[in-house]
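Written below as structure tokens is the structure these notes are about.
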Number of protein chains: 2
Amino acid sequence: MSERTKIKDIARVAGVSTATVSRALSDSSLVTERTREKVREAATRLNYRLNVRARNLRIQKSMAVLLVVRNMSNPFYLEIFKGVEEVARAAGFVLLMGNTEDDHDREVEYFDMLRDGQADGMILMTGNMPADHEIVRDASGMTPIVVALEAIENSNLAHVQIDNCAAAKQAVHHLADLGHKRIAHICGPLPEILSRLRLEGYRKAMAEAGLDIPANYEPVGNYSIQSGCECARALFDDVNPPTALFVANDEMAFGAIGELRRRGLRVPEDVSVVGFDDLFISQSYSPPLTTISQPRVEIGRTAMTMLLDIINARLSSPVVTEMQTSLIVRESTGAADQR
Amino acid sequence: MSERTKIKDIARVAGVSTATVSRALSDSSLVTERTREKVREAATRLNYRLNVRARNLRIQKSMAVLLVVRNMSNPFYLEIFKGVEEVARAAGFVLLMGNTEDDHDREVEYFDMLRDGQADGMILMTGNMPADHEIVRDASGMTPIVVALEAIENSNLAHVQIDNCAAAKQAVHHLADLGHKRIAHICGPLPEILSRLRLEGYRKAMAEAGLDIPANYEPVGNYSIQSGCECARALFDDVNPPTALFVANDEMAFGAIGELRRRGLRVPEDVSVVGFDDLFISQSYSPPLTTISQPRVEIGRTAMTMLLDIINARLSSPVVTEMQTSLIVRESTGAADQR
DNA sequence: TTGTACGCGTTATCAG
DNA sequence: CTGATAACGCGTACAA
């Protein structure tokens, strides 16, 4: 490894100075076409490769962005990763993965990495921001962080998000339009803003449809398949079970449908189910799941594009971009039984 | 940013040299407890943070590992990511994501990153190795690459893998034991080694069970839901359709089951289906899918652990570790119809 | 347009 | 045990 050729070697071979080599290789306009050629030729002949570490130290950048999620094995993130990766690599950035497992210390660690220059920017998909953390700011006073699909209030950070409340309303209205009167909501973990917004959308839609919400119609899960199962159990063990379910994410919807099947209830004949997220698998679930779709790849692209804008100082104030969702009607919802 | 304190500042404040500061902070034994304390105190007082870039340039490491997959949005990788991340971060390494999309140029790019020292090691989950690429070797002559769940023949690289052939045999024997005679195999893309091994397992098991394989019983897919659907269509459009399916991965199994449902065929009453992979969703599919489970988190951990062993020169020759798979019998398989 | 010389922030080597 | 100083490899004022 110590025999890697460096610009010094090229300089010697090409008969110029290291400065000229550096300039020639980075297409500076301050060098003649002829010398540039000479340098280039020497570089390829010597099999030269730029030392990225040295350059990064010199230019004070890392050319890396940090993508931080709560739980790396959540399938929801997959297409977002892809969108981010696509834009990042096109811009010459590498992608550093961060996984917090909702652990505060780990969150701090990633903020530290950003502050320490191990990454030039961060896409944050945990709804948390270490409270007392010294906020990173670049030269133009912007913080190179984009919050995606979560909301950090009063943070003055750039966000890319969806209208959770409106999407939830749309889902519930779909069920009401099918004639359902007893519509329950399996809710996400409750202190969280996303869950709250979806719950709020559910309640608003129910009110608009003139429907009551019985006391037990809002069981709280934690977005896992297992918890969807448990919430459905509670709902259908009770008297006055619902005929339709709006579930705060697809995984809990899968759990709920599993529980229904075990009880001999058919979807959608006996119970209609709407999910939220449109996981890659939802379209080929049996039955194919009616759900709210978010343009995840596009969200990833947008977040990374915004981050690049901040990093390159093309943005002077934190932007909030709202992405469009859509209700995908498949086979897990049907008209209410007319009994 | 330029006002970040550096060891020089600490040195000045603590009244020692930069060398001593460096030693004190890295717990070198070459420094008195007293000076160490003095330095530490100055460091915290000045709010010192190590400049990782500078250190990495100096020590010629990047403390990063590259995790390269064919397709970042394949849900199969999720738990592997997690296992790798867990071990990597415990060892102080950051995780760099690579996505090749089966593009040769991109593969080369990641090999280049490794060679250029942008990463100290690589976990490779594409079955490919740029043919003419200069092979990276560290001081001890080892290549810091671990191939996970793929096989690169004649490469002399460390591998962590499963016995695809044996697992496939187990799946097919399960179906044969249930009394099925007409068992078809939906195969993965065929030049690939994994697909070949699973196909080989299928054929061996069929031979052992004394069963024939009709000409059209080995349709070839590409691991996508869509292709599972198409293969099932071909199989059941034909005369002499099978009563059981061994599918090379779960996604194609989902596609196949979807197609069966559209044709009014029930699983498992009319057709039994066995998948391969045990995706997170497979247990709560309807019906819950019988499939081959791989210990994915453990595979990730093992791969990363092996990589660390290579990087830290604790390994002197490429190791091949084989992980255990198991057949998980759920509700998508049942006894053959006795008609 | 080119060359000289320095700085980026550490760690390692060698004297003392 | 500590200090001065040389790398690590590149980019860029500044001078020519």
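Worth saying up front: this structure is predicted, and the values here are computed from it rather than measured. Sequence lines set the chain letters: A, B, ... in the order given, protein chains first and strands last, and positions in each chain run from 1.
Listed candidates were C:dG9, C:dT1, D:dT2. Nearest to the side chain of B:Lys6 is C:dG9. When distances are taken from the side chain of A:Arg58 to each of C:dT10, D:dG3, D:dG9, the shortest belongs to D:dG9. Nearest nucleotide to the side chain of B:Gln60, out of D:dC8, C:dT2, C:dT10: D:dC8. Comparing C:dT4, D:dT2, C:dT10 by their nearest atom to the side chain of B:Ala54 picks out C:dT10. Out of C:dT2, D:dG9, C:dT10, the shortest distance to the side chain of B:Tyr48 is found at C:dT10.
Taken over five-pair windows at either terminus, the axes of the helix from C:dT1-D:dA16 to C:dG16-D:dC1 are inclined to one another by 40° (rounded to 10 degrees).
In terms of position along DNA chain C, the nucleotide closest to B:Arg49 lies nearer the 5' end than the nucleotide closest to the other residue of the pair B:Arg23 and B:Arg49.
Distances shorter than 4.0 Å separate none of the side-chain N or O atoms of A:Thr18 from OP1 or OP2 on C:dG3. Residue B:Ser22 places at least one side-chain N or O closer than 4.0 Å to OP1 or OP2 of C:dT11. An OP1 or OP2 oxygen of C:dT11 is reached within less than 4.0 angstrom by a side-chain nitrogen or oxygen of B:Arg55. Proximity of A:Thr20 to the phosphate of C:dT2: no side-chain N or O atom is located under 4.0 Å from OP1 or OP2.
With salt bridges taken as basic N to acidic carboxylate O contacts below 4.0 Å, one links A:Arg49 and B:Asp116. Between B:Arg36 and B:Glu33 there is a salt bridge, since a side-chain N of the basic residue sits under 4.0 Å from a carboxylate O of the acidic one. Salt bridge A:Glu109/A:Arg106: absent, no basic N to carboxylate O contact under 4.0 Å. Ion pair A:Asp9/A:Arg4 not flagged as a salt bridge, since none of the NZ, NE, NH1 or NH2 atoms sits closer than 4.0 Å to an Asp/Glu carboxylate oxygen.
No donor-acceptor pair closer than 3.5 Å links the side chain of B:Asn312 to the backbone N or O of B:Arg314. Checked by atom type and distance alone, the side chain of B:Tyr48 never pairs as donor or acceptor with a backbone atom of B:Arg40 at under 3.5 Å.
Following rounding to the nearest Å, A:Ile10 (CD1) and D:dG9 (C1') show an atom-to-atom distance of 12 Å. Rounded to whole Å, the distance from NZ on A:Lys61 to C1' on D:dG11 is 14 Å. When rounded to the nearest whole Å, the span between CZ of A:Arg12 and P of D:dC10 equals 13 Å. Counting to the nearest Å, the P atom of D:dG3 and the CD1 atom of B:Ile7 are 12 Å from each other. If you measure from atom CG of B:Leu57 to atom P of C:dA12, you get 12 Å, rounded to the nearest angstrom. Look at CG on B:Leu50: it is 8 Å from C1' on C:dT10, rounded to the nearest Å. Across the protein-nucleic acid pair, A:Asp27 atom CG and D:dC10 atom C1' stand 16 Å apart, rounded to whole Å. Rounded to whole Å, the distance from CD1 on B:Ile59 to P on C:dT13 is 13 Å.
Counting any heavy atom pair closer than 4.0 Å across all strands shown, B:Thr35 reaches sugar-phosphate atoms only and no base atom.
Side chains of A:Thr20 and A:Ser17: a donor on one and an acceptor on the other come within 3.5 Å. Defined by atom type and a distance below 3.5 Å, a donor-acceptor pair is missing between the side-chain atoms of A:Ser62 and A:Asn56.
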